[in-house]
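Inspection log for the structure reproduced underneath, given as structure tokens.
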Amino acid sequence: MNRPADPHEMIQAPSLQGPHEGYMPGFANDFETEALPGALPQGMNSPQKCNYGLYGEQLSGTAFTADVPERTWCYRIRPSVKHSHRYEKIDLPHWKSAPCVDPDVISLGQYRWDPVPHSDEGLTWLTGMRTMTTAGDVNTQVGMASHIYLVTETMEDSYFFSADSELLVVPQEGRLRFATELGIIDLAPQEIAIIPRGLVYRVEVLEGPCRGFVCENYGQKFELPGRGPIGANCMANPRDFKAPVAAFEDRETPSTVTIKWCGQFHETKIGHSPLDVVAWHGNYAPYKYDLTTYCPVGAILFDHPDPSIFTVLTAPSGVPGTANIDFVLFRERWMVAEKTFRPPWYHKNIMSELMGNIYGQYDAKPQGFVPGGMSLHNMMLPHGPDKNAFEGASNSNLGPEKLENTMSFMFETRFPQHLTAFAAKEAPLQDDYIDCWSDIEKKFDGTPGLK
Ligand SMILES: [Fe+2]
């Protein structure tokens, strides 16, 4: 067998040329891909013997009996039982899981942070993860956590999987490679990636330093939102989601696999790379999505819809219409509504809203919410435009206007979000954020007329 000269180079399946090179288009398709010809059995899943001496193994992301089971058949050099040995607990003190309620922290409030700065310390995907908030309970598979990652170093002979969660990765700075069991995803700002629960991978730095946001979803997988009266087009189109083609490495070297399981981290030592899936087929796979392909829909005469109109992906909870997590995108778009206060209105919300800025300026907060920064408007806490945004939007000439140089997002959950000690005491919290509304004037004086 040809071994790659570069130890991190994986043997990859031939794929489509052009923009899909290395990837297969479609959301949750039933894909099939093989890195060596004939490695994928045809017409059956469990042949008595597999080609190349591979082992057949199923990875199930849903219960066997789910209405639409999500599972992938892998044909690999060794079965996964060879990729785990005895487990030892390890400590990753900055990666927290719900429930994580610190008695010394007040989560009730409106909070905003400047970007968490890089340090001189070399950090990997595992050591560089900084939990900001947690919600729900990882043990009952409800809720989420939000993290900032600061990554400067490639995981060398080191691999990871989370049994707890699916990870939604939103890069803000730098480029990362996710070398997974099912293939390679290269990720840059303005793209997102979803890494499914249970999938083993290594994260490499392609261009550092790297910073970004992660939504760790403890619950049901992300899916495309129901489109209702919008119909089949616009928003996120299924063809723009891309799953990787099969890729594998046949590398025998002492290696470590770290496992996140019920909020705790464990290590197991093995003698080879676990990224040894030569061929696979199924609908449970990692994927990426280019946020610039998101086609926003909005008001074209007056008023504006709820921000749910900008939902890219939604992770359902047990209550129909009430998401465990919505991933919502605020990107460049035209504002044309007549006689309308155009920025997001003042509101209180049962859902809790964690926002991050990928680049540019957010229309409801012209200052203070900067790229790499985050804000949190927790359950039933009021928020809305600051004085400048309010006065500007109330008095501007309402011609068609393009919001440019802006890309922010929201992780919105039905559960209240609790700040970690890191978020409250170490991260660059803006102590004066609450003051952004302090100079909003009382205009009412009992007389009618526009003020
Ligand atoms: Fe809000």
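Keep in mind the model is a prediction, meaning the values are calculated, not measured.
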**Q.** Closest approach of Trp95 to Leu167 (non-hydrogen atoms, all atoms of both residues)
**A.** CH2-CD2, 4.3 Å
Q.
If you apply the rule side chain to side chain donor-acceptor pair (under 3.5 Å), what do you find for Thr268 with Ser84, and how did you get there?
A. CA-CA 6 Å; Thr268 185; Ser84 75; 5.5 Å; no
Q. Is it true that the side chains of Thr314 and Asp326 contain a donor and an acceptor less than 3.5 Å apart?
A. yes
Q. Any chance the side chains of His83 and Glu181 put a donor and an acceptor closer than 3.5 Å?
A. no
Q: Would you check if there is a donor-acceptor pair between the side chains of Thr447 and Asp445 at a distance under 3.5 Å?
A: yes
(Q) I'd like to know if Asp435 pairs up with Lys387 as an ion pair, taking the criterion as any Lys NZ or Arg NE/NH1/NH2 lying under 4.0 Å from an Asp or Glu carboxylate oxygen. (A) no
Q: Heavy atoms only: give me the nearest Glu121-Thr152 pair and the separation to one decimal.
A: O-OG1, 3.9 Å
Q. Charged N to carboxylate O under 4.0 angstrom, Glu267 versus Lys89?
A. no
Q. Going by an N to O cut-off under 4.0 Å, is there a salt bridge joining Glu216 and Lys260?
A. yes
Q: Over 60° means perpendicular and under 30° means parallel, so classify the ring planes of Phe409 and Phe411, tilted if in between.
A: tilted
(Q) Can you give me the closest heavy-atom contact between Ser408 and Met355, atom names plus distance? (A) CB-CE, 4.0 Å
**Q.** Donor-acceptor pair between Thr134 and His418 side chains, under 3.5 angstrom
**A.** no
Q: Report yes if some heavy atom in the side chain of Pro117 is under 4.5 Å from a heavy atom in the side chain of Pro428; otherwise report no.
A: yes
(Q) If we check side chain to side chain contact (heavy atoms under 4.5 Å, CB included) with Phe241, which of these qualifies: Leu224, Ile194, Thr293? (A) Leu224
Q: Assert yes or no for the condition that the ring centre distance of Tyr111 to Tyr433 is strictly below 6.0 Å.
A: no
Q: Flag the pair Arg175 / Glu204 as yes when at least one side-chain heavy-atom distance between them is below 4.5 Å, and no otherwise.
A: no
Q: Answer yes or no: are there more than 12 heavy-atom neighbours, outside Leu108 itself, under 6.0 Å from its atom CG?
A: no
Q. Do Asp290 and Thr292 get their side chains close enough for a donor-acceptor pair, meaning under 3.5 Å?
A. yes
Q: Take Val105 and Ser107 through the test side-chain contact (heavy atoms from CB on, under 4.5 Å) and record every step on the way to the result.
A: CA-CA 6 Å; Val105 166; Ser107 293; 4.2 Å; yes
Q) Measuring from Ile90:CD1 to Ile259:CD1, what's the distance to the nearest 0.5 Å? A) 9.5 Å
Q.
Give me the atom names and distance for the closest heavy-atom approach of Ile440 to Pro385.
A. CD1-O, 3.9 Å
Q.
Looking only at side-chain N and O atoms, does Gln220 offer a donor or acceptor that is under 3.5 Å from a partner on Asn324?
A. no
Q) Side-chain contact, heavy-atom cut-off 4.5 Å: Arg71 with Asn283? A) yes
(Q) Any salt bridge linking Arg202 with Glu249? Criterion: basic side-chain nitrogen under 4.0 Å from a carboxylate oxygen. (A) yes
Q.
Under a 3.5 Å distance rule, please check whether Asn378 uses its side chain to pair with a backbone N or O of Gln417 as donor and acceptor.
A. yes
Q. With a 4.0 Å cut-off, would you call Lys402 and Glu332 a salt bridge?
A. no
Q: Identify the residue among Val142, Ile350, Ile325, Val319 that makes a side chain to side chain contact (heavy atoms under 4.5 Å, CB included) with Arg414.
A: Val319
Q) Is a side-chain donor or acceptor of Thr180 paired with a backbone partner of Leu182 at a separation under 3.5 angstrom? A) yes
Q) What is the minimum heavy-atom distance between Phe310 and Val297, and which atoms define it? A) CE2-O, 3.4 Å
Q.
Taking salt bridge (Lys or Arg N to Asp or Glu O under 4.0 Å) as the definition, give me every residue that meets it alongside Glu153, ordered by chain and number, with sequence neighbours left out.
A. none
Q | Ser165 side chain near Asn217 side chain, heavy-atom distance below 4.5 Å | A | no
(Q) As an exercise, state the distance from OH of Tyr289 to CG of Leu168, rounded to the nearest 0.5 Å. (A) 12.5 Å
Q: Without swapping roles, check the side chain of Ser162 against the backbone of Asp164 for a donor-acceptor pair under 3.5 Å.
A: yes
Q) Given the rule in the side-chain contact (heavy atoms from CB on, under 4.5 Å) test, do Leu92 and Met129 qualify, once you have shown the distances and angles that lead to the verdict? A) CA-CA 9 Å; Leu92 288 174; Met129 199 66 74; over 6 Å; no
Q) Above 12 or not: heavy atoms from other molecules or residues under 6.0 Å from CD1 of Ile106? A) no
Q | 4.5 Å side-chain heavy-atom contact, His147 and Phe213 | A | no
Q | Min side-chain heavy-atom separation Val170-Phe327 under 4.5 Å | A | yes
(Q) Between Arg227 and Met235, is there a side-chain heavy-atom distance shorter than 4.5 Å? (A) yes
Q: Ignoring hydrogens and angles, tell me if any N or O in the side chain of Trp437 forms a donor-acceptor pair with the backbone of Gly384 under 3.5 Å.
A: yes
**Q.** Residue pair Glu426 / His94, side-chain donor-acceptor N/O under 3.5 Å
**A.** no
Q. Parallel, tilted or perpendicular for His377 and His383, by the 30°/60° rule?
A. parallel
(Q) Taking Gly368's backbone N and O only, do any of them form a donor-acceptor pair with Gln430's side chain (distance below 3.5 Å, no angle check)? (A) yes
Q.
Are there over 12 heavy-atom neighbours, none belonging to Tyr346, within less than 6.0 Å of that residue's OH?
A. yes
Q: Inspect the contact between Lys288 and Glu191 and indicate whether a charged nitrogen and a carboxylate oxygen are less than 4.0 angstrom apart.
A: yes
Q: For Asn237 and Asn233, indicate whether the former's side chain and the latter's backbone hold a donor-acceptor pair under 3.5 Å.
A: no
**Q.** Salt-bridge contact Lys443-Glu391 (side-chain N to carboxylate O under 4.0 Å)
**A.** yes
Q. According to the interplanar angle, ranging from 0 to 90°, do the rings of Trp280 and Phe31 count as parallel (below 30°), tilted (30 to 60°) or perpendicular (above 60°)?
A. perpendicular
Q.
Please determine whether side chain to side chain donor-acceptor pair (under 3.5 Å) holds for the pair Thr127 and Thr124, giving the CA-CA distance in whole Å, both sets of side-chain angles, and the decisive distance to 0.1 Å.
A. CA-CA 5 Å; Thr127 57; Thr124 67; 3.2 Å; yes
Q: For the pair Phe178 and Tyr201, name the ring-plane relationship: parallel under 30°, tilted 30 to 60°, perpendicular over 60°.
A: tilted
Q: Quick one: closest heavy-atom pair of Thr33 and Ala13, and the distance?
A: OG1-CB, 3.6 Å
Q. So, Arg331 side chain and Leu329 main chain: donor-acceptor pair closer than 3.5 Å or not?
A. no
Q. Do Ser352 and Thr413 have a side chain donor and acceptor closer than 3.5 Å?
A. no
Q | Residues in ring pair (Phe, Tyr, Trp, His ring centres under 6.0 Å) contact with His266, at least two apart in sequence or another chain | A | none
**Q.** Heavy atoms from other residues, nucleotides or ligands near CH2 of Trp261 exceed 12 (cutoff 6.0 Å)
**A.** no
Q) Hey, are the side chains of Pro244 and Pro286 touching, using non-hydrogen atoms and a 4.5 Å cut-off? A) yes
Q) How many angstroms lie between atom CD of Glu412 and atom SG of Cys215, to the nearest 0.5 angstrom? A) 11.5 Å
